[in-house]
Amino acid sequence: MSIVLYNTLSARKEVFEPLQPDRVTMYVCGPTVYNLAHIGNARPVVVFDVLFRLLQTQYREVIYARNITDVDDKIIAAARDSGRSIEDVTAEFTNKYREDMAALNALPPTLEPHATHHIDGMIALTETLLAKGHAYVSEGHVLFAVESMPDYGRLSGRSLDDMLAGARVEVADYKRHPGDFVLWKPAAAEDPGWDSPWGRGRPGWHLECSAMIRAHLGETIDIHGGGRDLIFPHHENEIAQSRCAHGGDYVRYWMHNAYLDIDGEKMSKSLGNFRTVRELLAHYRGEVLRFALLSAHYRSPLNFSTDLLAQAEANLGGFYTALRGVQDVPVPESDDIDLSAEGFYCALEDDLNTPLAIAELHALAKQLHKAAEADKPRLKARLLAAGKLLGILQQEPEAWLQGGAAADDIAPEAIEALIAERQAAKQDRDFARADAIRQQLLDAGVELEDGREGTLWRRA
RNA sequence: GGCUCGGUGGCAGAGUGGUUAUGCAGCGGAUUGCAAAUCCGUCAACGCCGGUUCGAUUCCGACCCGAGCCUCCA
């Protein structure tokens, strides 16, 4: 029973072993709080939430930190454009981010450090890098000298020569090497800034993660995650800063999720297919969005479409239908489930193979439908345990099936009344009337299921 | 141009050197007053060309196509 993770650094799957036997440290790059989170932002949150849940089944202590970037050019611009204060903007979008991620059943991280609370640490880190000859001051900026680090570029698999060859951006003339990046930059008088040995300024983008990891998790952490696009330059530069300042390994397992597309196209503002989580939540329940995000492996591109969401909805409906069938079956203590023997668990242990895990849920649901009464409690417990690990299936089945997008169309009381009327019609063998009611409800988005113990209904 | 990753049945999406992925959709059947749900059965795939092999979708090479990164970006 061991977790295997794909490590970007080695470009292969590795058996996961934390630095300390019963304690895991994990850091995931969080949002820059200047606008609403989009569905692409939600992918790493959901993926690493599953990892967080998985790790907690094996390790006594799992410290999961996800930062809030609350100082950044885009924030300054957003505040200026809306005539609001920086604090006002960052507070609003920090809160909305938390709400949106909670709606996706993402557990709150253990720690949520804010960049602006760690300016001292960033200045100290910069001073260390200067003292060790890895950084230099130029025209008010402090820059990291990439040539001072022999294996710079290892994470992203590129050399300084490659980068020179591929340079397509004009190089600022205060840089010694085009790859040098800003640790500290001067702040305009009207912009937020902090006093430093190099004048009033603010930190470069990469610095905060290095400083906050050092402050909260130590010099070497087990897992660092984020989107693929962060491999270079962000994570490469974090490595450079932290390893040159502190030595050691910095991060033992680097994990990166692939992008998602919208209807086959890259999501972008210019294409007009930018989908915020908040907007999607108006049409789909968070659990549906979450399931859709988990329906492909995290390292594969995922095409986010209405079709995908419909499939997610259908899959979840199927699981909840299976659970509804055993609503009154008591669940034994979930603690006595041997996870290591469970297919869904082994699937997740293998680099978070969520599609395979979901296939195992289908197998469990099928068994549950066919099970003898005596076997149902155990199967129900196993299905619920699997759902819990994925962050789904924890609602009351009846509530789930009767909720959904069409929930405003017709009230439950009206549905129940029509069902009663139809029941009476059936007693009188007035099937024409009974079928008319069925059709009427179907038109309102409600499907009826006649069973031995009465009629159940669900939103279609 | 440099670096990296992919191309699986109608769709989504795992996986494997030789045996059913799974789900949705379709088709046939059971069940139902009719349905739904459920069950049983069924159809169908591994970009192209070579190579290695007793055997390749799986390994190797070329090619075609697609995606990402190259200092805004999950």
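Each chain gets a letter, A, B and so on, in the order its sequence line appears, and its residues count up from 1. If you're wondering where the values come from, they're calculated on a predicted model, not measured in any experiment.
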Along RNA chain B (nearest heavy atom to each residue), the more 5'-positioned of A:Gln311 and A:Ala296: A:Ala296

Let me spell it out: for each of A:Lys266 and A:His38, pick the nucleotide of RNA chain B with the closest heavy atom. Which residue's pick is nearer the 5' end? A:Lys266

Is a donor-acceptor pair below 3.5 Å formed from side chain [X] to base [N], judging by atom type as modelled?
X: A:Arg422; N: B:G33; answer: yes
X: A:Asp450; N: B:C34; answer: yes
X: A:Arg43; N: B:A74; answer: no
X: A:Asn353; N: B:G15; answer: no
X: A:Arg438; N: B:C34; answer: yes

Candidate nucleotides [options], ranked by approach to the side chain of [X] - the nearest:
X: A:Asn315; options: B:G13, B:A21, B:G23; answer: B:G23
X: A:Trp205; options: B:C73, B:A14, B:C72; answer: B:C73
X: A:Ala434; options: B:C40, B:G33, B:C70; answer: B:G33

Is it the case that more than 12 heavy atoms not belonging to A:Gln394 sit under 6.0 Å from its CD atom? yes

Look at all strands and tell whether [X] reaches a base, only sugar-phosphate, or nothing, counting heavy atoms closer than 4.0 Å.
X: A:Gly226; value: sugar-phosphate
X: A:Ser300; value: sugar-phosphate
X: A:Leu230; value: sugar-phosphate
X: A:Ile39; value: nothing

Using the ring of each side chain (for Trp, its six-membered ring), is A:Phe319 parallel, tilted or perpendicular to A:His362, with breaks at 30° and 60°? tilted

Measure the acute angle between the ring planes of A:His206 and A:His234, then classify it against the limits of 30° and 60° as parallel, tilted or perpendicular. tilted

Short side-chain N/O contact from [X] to OP1 or OP2 of [N], under 4.0 Å:
X: A:Lys426; N: B:C34; result: no
X: A:Lys366; N: B:C40; result: yes
X: A:Tyr298; N: B:A74; result: no
X: A:Trp457; N: B:A36; result: no

Which base, if any, makes a Watson-Crick or G-U wobble pair with B:G6, both distances under 3.5 Å? B:C65

Would you mind pulling out the nucleotide paired to B:A37, Watson-Crick or G-U wobble, both distances under 3.5 Å? none

Would a line drawn from the ring center of A:His256 to the ring center of A:Tyr298 be shorter than 6.0 Å? no

When rounded to the nearest 0.5 angstrom, what distance separates CH2 in A:Trp254 from CD in A:Glu236? 8.5 Å

